[in-house]
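Heads up, the thing below is written out as structure tokens.
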Protein chains: 2
Amino acid sequence: MKTKITLKELSKLLNVSVSTVSKALNDSPEISPKTAERVKELAALHNYKPNPVAVNLKKSKTGTIGVVIPNISNSFFARVLSGMEAEAQKHDLQVITYISNESLDREKQICELLTSGFVDGVLIAVSEETQRKKEYDHLFNLVEYEIPVVLYDRINVPLPADKVGVDDENSFYDATKFFRAKGIHDIGVVSAIHHLGVGKSRIKGHERAMPDGEELKLAVSSKADVLKQKIKDLISTKKIEALLCTDFESAIMSARIAYEENIKIPEQLKIIGYISKEVAEFLTPSISYVEQHPQEVGEKAMQLLSDRLEGKATAGRYSEKVIATNLVHLESTSF
Amino acid sequence: MKTKITLKELSKLLNVSVSTVSKALNDSPEISPKTAERVKELAALHNYKPNPVAVNLKKSKTGTIGVVIPNISNSFFARVLSGMEAEAQKHDLQVITYISNESLDREKQICELLTSGFVDGVLIAVSEETQRKKEYDHLFNLVEYEIPVVLYDRINVPLPADKVGVDDENSFYDATKFFRAKGIHDIGVVSAIHHLGVGKSRIKGHERAMPDGEELKLAVSSKADVLKQKIKDLISTKKIEALLCTDFESAIMSARIAYEENIKIPEQLKIIGYISKEVAEFLTPSISYVEQHPQEVGEKAMQLLSDRLEGKATAGRYSEKVIATNLVHLESTSF
DNA sequence: CTGAAAGCGCTTACAG
DNA sequence: CTGAAAGCGCTTACAG
């Protein structure tokens, strides 16, 4: 069993002071090359590693970042986390994860915890409930405590903070334009998240690509059975030719209903949805999707935070980055 | 802008010593009820929270747990993490996540970092590469540093540590028995992870439920195109009636090939697979799956670790928990 | 170039 | 019941 050696013990073995050992290991120019070498040698021999807790206390920082995730089972967020972790590694930062489960209360609890000094900064995608109720006091609280915050994905929050979002609006603008260019004009939009910022943006993008004044064909509801009925109405009764789905649930549901109603995809109905690559590719038929580059969202968010922690960002000025999306065409949009 | 108040500042305002304040806030019986109240009142007013870094240094612990995840895009692991986080919360532990991306090298790096004192304990599912090469020195290293380790999910590692696994073997034993009871005897097994411990266990469970000496009908390969060919052979040429799939990829691929070969599910071919609920339910047809209860795996793993940290576990004796699975029957196994 | 001292923000034996 | 002191393991002005 190995036991961790401390600076003090090292200094005793070397017959020099603790200060000297510390400086030597931190490559201080004050130390003579000779002793520096002696010290480093012994440190390596004993596999010395500074106690990070002590270093952090001394430096008044924690070296860790708090990441708040609304729902980790959503593969988008899982991949965002992966990007954050990769970027954190580059900056020697540790990532502490907190899962809000889309609950405002839990999110408040987490923010409360976060103000007590566990982390140097926070990356957060606010919960659904938070967005719905527009309660942001707990976030402002973080800012008041001078804890740098970066909002990611769900950035439609009036908070003085850096933000990294997905280009939701343009994704559906592009998708709509794509269909129209192919001569398809009866385009429906399906959404189970129309009440959230990202859902609204996507629908807005679609609207922007449609002729002025033309009524939109929407099937929206956060209740599964209601949504199901509305989709059925859209594709069976209204004979829509193409569907844009703002989320996993509505995309899968649309494909399913088409199957049940004996409407062939893509021959009679084309679909583009927000689904993760992993699932989209494997469906039968495979569903064309909007690639959101979650990894990049995570990397960028961590990068902005790290810049701010290192003083590379101007105080009081916040940047807002939008990660471009692109359409990946699979079977559901083949012509 | 609020700034964090310290014990010292508090003591100055109260005209008592730092020790007294500390004891009062920690409910020490040494302190008179009167001063205790005075102290607590002012602390509450100033929203005092002890600096966790200082507390941890004093107590020679970190209050954090390192969780190593092979692949966070795998929804099984995402849900395990969710369970860990929930349990950690109960014990006032923070969760630091590290993603190995199924790489042995990255895993070694992470373990190296972990030995330098960032965490009090480690929860790890070893990477695919680690399992394949059977290189466990970096894990033994953790143990030598007296950092408690709990292995989860991928527990087929000869390490003196607590372990929490999924009952892989029985899941396929049960599934096979289920088919046989229904009069189906031509059962095939498809696997893209036959080289991993969990894959082997699942296949073994199937074998155990088959009559002695009967040759197994396997389609296994970690290469997509090879596996595809083998599946096709199994269901088209060999006329298998039911398929057990050890993983997401092989399950989805099997369903896809059945579709392409015009073999009807479930009429001509039944399928049971290891797929997450979220996807299984939405497929057309929906695929019956093995529910693994990942949340529970995560909770249990964190619980074992917490027990050990709190001295509730006997040194040198390790427990191994197996979380039972159950079959969820959807369309692909309807009769 | 080396080391003694102060201090990061706490906790806890010990003395009074 | 209260407080002075030591100490957790470091870093860093400052003195020599």
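Every chain is numbered from 1, with letters handed out A, B, ... down the list of sequences.
Within 4.0 Å (heavy atoms only), N26(A) reaches sugar-phosphate atoms of the nucleic acid but no base atom. Within the nucleic acid shown, V16(A) comes within 4.0 Å of sugar-phosphate atoms alone, with no base atom in reach, counting heavy atoms only. Counting non-hydrogen atoms under 4.0 angstrom, P52(A) reaches nothing in the nucleic acid. Using a 4.0 Å heavy-atom criterion, one finds that T35(A) contacts the sugar-phosphate atoms exclusively.
The existence of a salt bridge linking D27(B) and K40(B) is confirmed by a sub-4.0 Å separation between a basic side-chain nitrogen and an acidic carboxylate oxygen.
Residue S19(B) places none of its side-chain N or O atoms closer than 4.0 Å to OP1 or OP2 of dT11(C). In terms of phosphate contacts, S17(A) brings no side-chain nitrogen or oxygen within less than 4.0 Å of OP1 or OP2 of dT2(C). Look at Y48(B) and you won't find any side-chain N or O under 4.0 angstrom from OP1 or OP2 of dG9(C). Distances shown here put a side-chain N or O of S22(A) below 4.0 Å from the OP1 or OP2 atom of dT11(D).
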> Reading DNA chain C 5' to 3', how would its secondary structure be written in dot-bracket notation, given Watson-Crick and G-U pairs with both distances under 3.5 Å, brackets [ ] for crossing pairs and | for partners on other strands?
Replying inline: |||.||||||||.|||
>> side-chain contact (heavy atoms from CB on, under 4.5 Å), that's the test. Do V80(B) and Q295(B) meet it? Break it down for me.
In response: CA-CA 5 Å; V80(B) 168; Q295(B) 191 99 8; over 6 Å; no
> Given V21(A) and L14(A), is the side-chain contact (heavy atoms from CB on, under 4.5 Å) satisfied, shown in steps?
Replying inline: CA-CA 9 Å; V21(A) 179; L14(A) 288 158; 4.2 Å; yes
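Out of dC10(C), dT2(C), dT2(D), the shortest distance to the side chain of S32(B) is found at dT2(D). Side-chain proximity of N51(B) to dC10(D), dC10(C), dG9(D): nearest is dC10(C). Considering only side-chain atoms of A54(B), the nucleotide from dC1(D), dG9(C), dG3(D) that sits closest is dG9(C).
For DNA chain D, no neighbouring residue in residues 36-46 of chain A is found when judged by any heavy atom under 4.0 Å.
Nearest-nucleotide assignment on DNA chain D puts the 5′-proximal partner with K8(A), out of K8(A) and K58(A). Checking T6(A) against E30(A), the closest nucleotide of DNA chain D that is more toward the 5' end is the one next to T6(A).
A donor and an acceptor atom sit less than 3.5 Å apart, one in the side chain of K23(A) and one in the base of dG3(C).
With a 6.0 Å cutoff to the six-membered ring centre and a 45° limit on the axis angle, K108(A) does not count as a cation-pi contact of Y98(A).
Comparing dG7(C) with dA4(D), their P atoms sit 16 Å apart, to the nearest whole Å.
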